[in-house]
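Written below as structure tokens is the structure these notes are about.
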Amino acid sequence: MPKSDLILLALSDLQMLQLFERALVASSYKVAIAREKTALDKVLQESSPALVILEEEFAGQDGLTVAEDLLDRFPTMPVVLFLSHETVPVLRKAISIGVSDCLCAPLRIEDIGQAVERSIRRADRVGDWTRREIRRTTASLQHRVKELQKFETIVNTIEDGVMILDERQCILLINPVVRRTFGLWQEEDLTGRPVLEVIDHPDLRSLLTSDGKGIAPHHEINFDDGRCLSAQCTPIPGVGLAITMQDISYLRQIDRLKSEFINTVSHDLRSPLTAILGYVDLLERVGPLNDAQREFIQRVQISVESITGLVNDLLELGRIEAGVDSQKEMIRLDSLVQLTAETLEVQINEKRQKLTLEIPPGKPLELRGNPIRLRQMLDNLLGNAIKYTPEGGEIIVELEEQAEQIILRVTDTGPGIPPSDQPHIFEKFYRASNVPKGVGGSGLGLAIVKSIVDNHHGRIWVESILGKGSTFVVVLPIYRDEK
Ligand code: ADP
């Protein structure tokens, strides 16, 4: 039992003081004495006693108030209260303050030693437990720091751009690839800053701007120098948002080469096709034909016209992709939607379908765009809705303006598009596995639509449930500076 502990006696009564001192020295404790408040503070500061014995009334002050103050400043130090009379209110207050023990006159020498030893032992146990807990917490924190360091190393060395944002879209983490891509200084600490303040890029802005259906999950970020990133947004519950970006510039380059090739071939095909049609037309004029010959000629005509249609679509796509005739003016999309609907009325009626236009009344929905191309976009989207929706089905076209953008939704009650086909339907010549038998098409319509939307710096995606229907969503900025 280590008895070198220092016990501070804060007692005013001289007789009691001597009694306590004798008892403690007999039990081999060291003793310090304070008979008034200043001396008490001095010993506490300079000698860090292991325990304080405090009288009920110390140096004219209420001992319980002094004890409370002591425990406020030194919460782990045991304080033993010496009372001349035990009363329930005093004991209750002593317990509520957190006094370690109470001694009451008349006292025996061994009572003092035992009370002191008990309190010190308990304080030691609390101290040991606290140290153990601190060690355990520190070890677990060190482990987590190591894990975080590992995570940071992965994020920093990964080839993709990674950004983690909080719920207010402020930066929590940004990796070197993102910094390099957007020309941000490596050294600058960007944590906590709003991402759109740090990276002022219109495509990132539209990726992060809510369009009424939440943030778009996929998006392309284009740069004037031709670079292109594919960006994905993943909400992280309780954190915010993770944005990952891959450089797809090389895919763009391949696509460009492919388009150039298709364009050249289509162009070269046009003249022979015109010649075939011309000579087929002439056949009847150079001599009489029998019925079989006439039927064969008709079949040749139908086939050549179908190839000509395909070639024309390809050339059209090439022109849109090349940005030819991309002159833009302020146009009313609501009027264009109405006009398209009127033109397609015959087809809608033929299939006994119901078309509903949901256009907010009052304000015209204007945007800067190319009227011919936007009309082509609407023709294709509505045309597909009519084509793929069975007889008696329903088509809804909605328009709304939100945050400097016009949102167009074309919803149908058609067959829906299988999830595995959805990422590909905007590719050239792609026809999904849902196409009903006998429904014709070249697989170029949506590629044309996507090019037109890109040309207007907009976004397009499909939301579809198999067997229920599809919604094509187009988001077009109302106005954007053309460089
Ligand atoms: P297509 O000439 O085949 O209609 P598109 O490029 O217009 O070519 O469309 C590509 C494919 O997307 C279609 O073949 C079809 O599988 C699917 N698709 C397009 N629109 C719809 C729709 N409204 N409902 C169901 N499937 C559709």
Side-chain angles (χ1 to χ4, degrees), residues 154-165 169 171-184 195-196 198-211 213-236 240-260 317 320-323 377 405 407 417-430 432 443 446-464 471-477 480 483:
I154 294 168
V155 169
N156 284 343
T157 40
I158 217 161
E159 294 272 329
D160 291 340
V162 179
M163 256 196 316
I164 314 274
L165 308 179
Q169 298 189 350
I171 297 171
L172 292 174
L173 186 150
I174 189 164
N175 81 342
V177 175
V178 178
R179 284 180 182 268
R180 264 200 312 277
T181 308
F182 292 96
L184 305 170
V195 69
L196 291 175
V198 176
I199 305 174
D200 185 17
H201 192 293
D203 289 341
L204 183 70
R205 186 173 296 279
S206 56
L207 171 72
L208 292 173
T209 309
S210 162
D211 56 35
K213 283 206 166 243
I215 283 163
H218 299 282
H219 199 67
E220 282 181 5
I221 298 177
N222 292 291
F223 292 85
D224 291 339
D225 57 9
R227 279 177 302 145
C228 177
L229 303 177
S230 162
Q232 293 82 40
C233 262
T234 317
I236 313 177
L241 204 61
I243 302 174
T244 48
M245 303 175 200
Q246 294 91 34
D247 193 335
I248 53 160
S249 311
Y250 70 101
L251 290 176
R252 270 290 171 89
Q253 177 67 7
I254 294 171
D255 202 45
R256 211 168 296 134
L257 290 174
K258 210 168 72 186
S259 299
E260 276 170 23
L317 188 56
I320 299 166
E321 282 179 346
M377 171 191 88
Q405 312 183 107
I407 301 158
I417 303 167
S420 57
D421 284 316
Q422 288 179 21
H424 306 290
I425 54 168
F426 298 101
E427 291 168 11
K428 291 177 198 113
F429 302 115
Y430 193 88
L446 287 181
I448 291 178
V449 170
K450 168 92 168 61
S451 287
I452 295 171
V453 172
D454 285 349
N455 212 269
H456 286 78
H457 308 286
R459 287 176 284 148
I460 180 165
W461 68 91
V462 68
E463 291 157 6
S464 183
T471 299
F472 283 85
V473 187
V474 179
V475 180
L476 294 168
R480 193 176 131 152
K483 285 245 167 84

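Values in this document were obtained by computation on a predicted structure and should not be read as measured data. The chain is numbered in sequence order, starting from 1. Scope of the values below: all heavy atoms of this structure, side chains included, with no hydrogens, waters or symmetry mates.
- Minimum interatomic distance between Gly458 and Pro477 (heavy atoms only, all atoms of both residues): CA-CD, 3.8 Å.
- Side-chain contact between His457 and Pro202 is absent, with no heavy atoms from C-beta onward closer than 4.5 Å.
- You'll find the side chain of Val178 reaches within 4.5 Å of the side chain of Asn175, heavy atoms only.
- Considering all non-hydrogen atoms of both residues, Met377 and Ile452 come closest at N-CD1, 3.9 Å.
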(request) With side-chain contact (heavy atoms from CB on, under 4.5 Å) as the test, would you mind laying out the steps for Ser259 and Leu317 before giving the verdict? (result) CA-CA 9 Å; Ser259 299; Leu317 188 56; over 6 Å; no
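- Here the options are Val475, Asp454, Leu476, Val449, the test is side-chain contact (heavy atoms from CB on, under 4.5 Å), and the partner is Ile460; only Val449 passes.
- Put simply, the side chain of Ile171 reaches to within 4.5 Å of the side chain of Leu165, judged on heavy atoms.
- Remark: the Thr244 side chain and the Gln232 side chain contain an N/O donor-acceptor pair separated by less than 3.5 Å.
- Annotation for Ile158 and Val155: closest pair CG2-O, 3.4 Å, computed over non-hydrogen atoms.
- His201 and Phe182 have perpendicular rings, their planes meeting at more than 60° on a 0 to 90° scale where under 30° would count as parallel.
- Here the CD1-CD1 distance, from Ile243 to Ile221, works out to 7.5 Å after rounding to the nearest 0.5 Å.
- Counting heavy atoms from C-beta outward, His219 and Leu229 have side chains that stay 4.5 Å or more apart.
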(request) Could you walk me through whether Leu241 and Leu208 pass side-chain contact (heavy atoms from CB on, under 4.5 Å), step by step? (result) CA-CA 10 Å; Leu241 204 61; Leu208 292 173; 3.6 Å; yes
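- Closest of all the heavy-atom pairs between Cys233 and Pro235 is O-CD, 4.0 Å.
- To the nearest 0.5 Å, atom OG of residue Ser464 and atom CD1 of residue Ile417 are 4.5 Å apart.
- The CD atom of Glu260 lies 12.5 Å from the NZ atom of Lys258; values are rounded to the nearest 0.5 Å.
- Atom CG of Asp247 sits about 8.0 Å away from atom SG of Cys228, to the nearest 0.5 Å.
- For the atom pair CD of Gln246 and CG of Asp160, the computed distance is 4.5 Å after rounding to the nearest 0.5 Å.
- Inter-residue side-chain proximity for Asn222 and Arg252 is flagged as met; some heavy-atom pair is nearer than 4.5 Å.
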(request) Please assess Val473 against Ile407 for the test side-chain contact (heavy atoms from CB on, under 4.5 Å), listing each intermediate value before the final yes or no. (result) CA-CA 7 Å; Val473 187; Ile407 301 158; 4.1 Å; yes
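- In this structure, CD1 in Ile199 is found 9.5 Å from CZ in Arg179, a value given to the nearest 0.5 Å.
- Residues Ile174 and Leu184 have side chains in contact (heavy-atom distance under 4.5 Å, counting atoms from C-beta outward).
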(message) Quick one, Met245 with Thr181, criterion side-chain contact (heavy atoms from CB on, under 4.5 Å). Give me CA distance, side-chain angles, the key distance, then yes/no.
(response) CA-CA 10 Å; Met245 303 175 200; Thr181 308; 5.7 Å; no
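- Taking the six-membered ring where the residue is Trp, Phe472 and Phe426 present perpendicular rings, their angle passing 60° and hence far from 30°.
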